[in-house]
2 protein chains.
Amino acid sequence: MRDLANALGIEAASIYSHIRSKEEILQRVCFRMADEFFGAIEVLKDEKASATEQLKRAISAHVQVLTRNTEASAVFLQEWRHLSEPHHTEFLALRDRYEHYFRKIIRQGIASGEFQVPDEKFAVLTILSGLNWIHTWYKPEGKMKPAEIAENLSAMLLNGLKTNLN
Amino acid sequence: MRDLANALGIEAASIYSHIRSKEEILQRVCFRMADEFFGAIEVLKDEKASATEQLKRAISAHVQVLTRNTEASAVFLQEWRHLSEPHHTEFLALRDRYEHYFRKIIRQGIASGEFQVPDEKFAVLTILSGLNWIHTWYKPEGKMKPAEIAENLSAMLLNGLKTNLN
DNA sequence: TTTATTTGCTAACGAACGTTAGGTTGTTTA
DNA sequence: TAAACAACCTAACGTTCGTTAGCAAATAAA
């Protein structure tokens, strides 16, 4: 709180005119980011699109949220486990629900023959790992733009590294 | 320190018979894990192997280290940023060196035509993200064994999700 | 213009933290 | 057998932490 107050140019005690507690700040960051993520995929719902297309869009949406909120993303991804109950459990439920959205796409891809995936849950966890690691290196002034990041990640996850002779 | 002491069944003050400081514990975990990772890739050095094979082996080695040290891995991956100087800078240097090992493999794969990678650094960061996310879900008693994890991750990163008609 | 509200201040509180000091007990070594 | 050493204990310290209380000043509203 003293570090935050320093950054704001006020005293730590003054922050309590604006918030109830430190825990409330963490809750707000985590649940607002969760809302951002869900909001971003909510508008994508188009189950007529191919699984490939749906996955690309989901990846892109996720990347947009992350790169638009780099600091909140870092807090969201690294500090959620400090949430107190019942928020901690609620948060895990949201995370599960978000993962299920991706699993559904993967399952659809398997069913349609677009994807060949030995383990669906593993695939989703790996996709999300690639997405959620972005905050560790992404800089707004960096050479790779969010759209390029999404494109590269999609290409890598869909096509793999190996040279494709198709 | 009191939580750790509780887990050990001794008093917090007693820990200081065995270590110099809390910071020393963090240093030891982080640098010993770094040693483990470097040791694991050290024995792999065989530049005659294809880039594909080298990458598979590097992934496998990394997975073995992570899954053999799940708790230390969590500390290593999540707490390194709390290291004090000069250890913090040393740690980043080690991390860079480890990343370079992977970049070298990718570069070799591009040169030999095995890989088609728009951005080599991005590819490595994504590979490492998949690897370093494992500690968030892996359980020794889980259904997927380390060797299977390595195999699935390699397949996914090399071949991608898309059904390969080759 | 006066009152209410907002936002910040200082001072302080109780709790938690990492660690030190001195002592005791058990183990090892000479 | 005695001395040295190791490993633990209790008690406590100074620091840091999140937060509250009471107050002052600035701003907004009546």
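Convention: sequence-line order gives letters A, B, ...; per-chain numbering from 1.
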Name the atoms and distances for all side-chain donor-acceptor pairs under 3.5 Å in residues 3-19 of chain A, with sequence neighbours left out.
residue: A:S14; atom: OG; partner: A:E11; partner atom: O; Å: 3.4
residue: A:S17; atom: OG; partner: A:S14; partner atom: O; Å: 3.4

Report all side-chain donor-acceptor pairs from residues 85-92 of chain A shorter than 3.5 Å, counting only partners two or more places apart or in another chain.
residue: A:E85; atom: OE1; partner: A:T89; partner atom: N; Å: 3.3
residue: A:E85; atom: OE1; partner: A:T89; partner atom: OG1; Å: 2.7
residue: A:E85; atom: OE2; partner: A:T89; partner atom: OG1; Å: 3.0
residue: A:H87; atom: NE2; partner: A:Q27; partner atom: NE2; Å: 3.3

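Rounded to an integer number of Å, the gap from B:I15 CD1 to D:dC9 C1' is 13 Å. Following rounding to the nearest Å, A:L4 (CG) and D:dT16 (C1') show an atom-to-atom distance of 16 Å. We find that CD of B:E11 is positioned 13 Å from C1' of D:dA12, with the value rounded to whole Å. As rounded to whole Å, 14 Å separates atom P of D:dC17 from atom NE2 of A:H82. Atom CG of A:D3 is separated from atom C1' of D:dT15 by 15 Å (rounded to the nearest Å).
The side chain of B:H18 places no N or O atom within less than 4.0 Å of a non-bridging phosphate oxygen (OP1 or OP2) of D:dA6.
Evaluation of the side chain to side chain donor-acceptor pair (under 3.5 Å) rule for A:S129 yields no partner, not counting sequence neighbours. Partners of B:K121 according to the side chain to side chain contact (heavy atoms under 4.5 Å, CB included) rule, which considers only residues two or more places apart in sequence or in another chain, are B:E99, B:R103, B:D119, B:L125.
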Interface polar pairs with nucleotides 19-22 of chain D, N/O, under 3.5 angstrom:
residue: D:dT19; atom: OP2; partner: A:Y16; partner atom: OH; Å: 2.7
residue: D:dT19; atom: OP2; partner: A:K22; partner atom: N; Å: 2.6
residue: D:dT19; atom: O5'; partner: A:Y16; partner atom: OH; Å: 3.4

Chi angles and distances behind the side chain to side chain contact (heavy atoms under 4.5 Å, CB included) call for B:L77, B:L66: CA-CA 10 Å; B:L77 290 162; B:L66 281 181; 4.1 Å; yes

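Residue pairs meeting the side chain to side chain donor-acceptor pair (under 3.5 Å) criterion with at least one member in residues 58-71 of chain A, sequence neighbours excluded, are A:H62-A:Y98, A:H62-A:N132.
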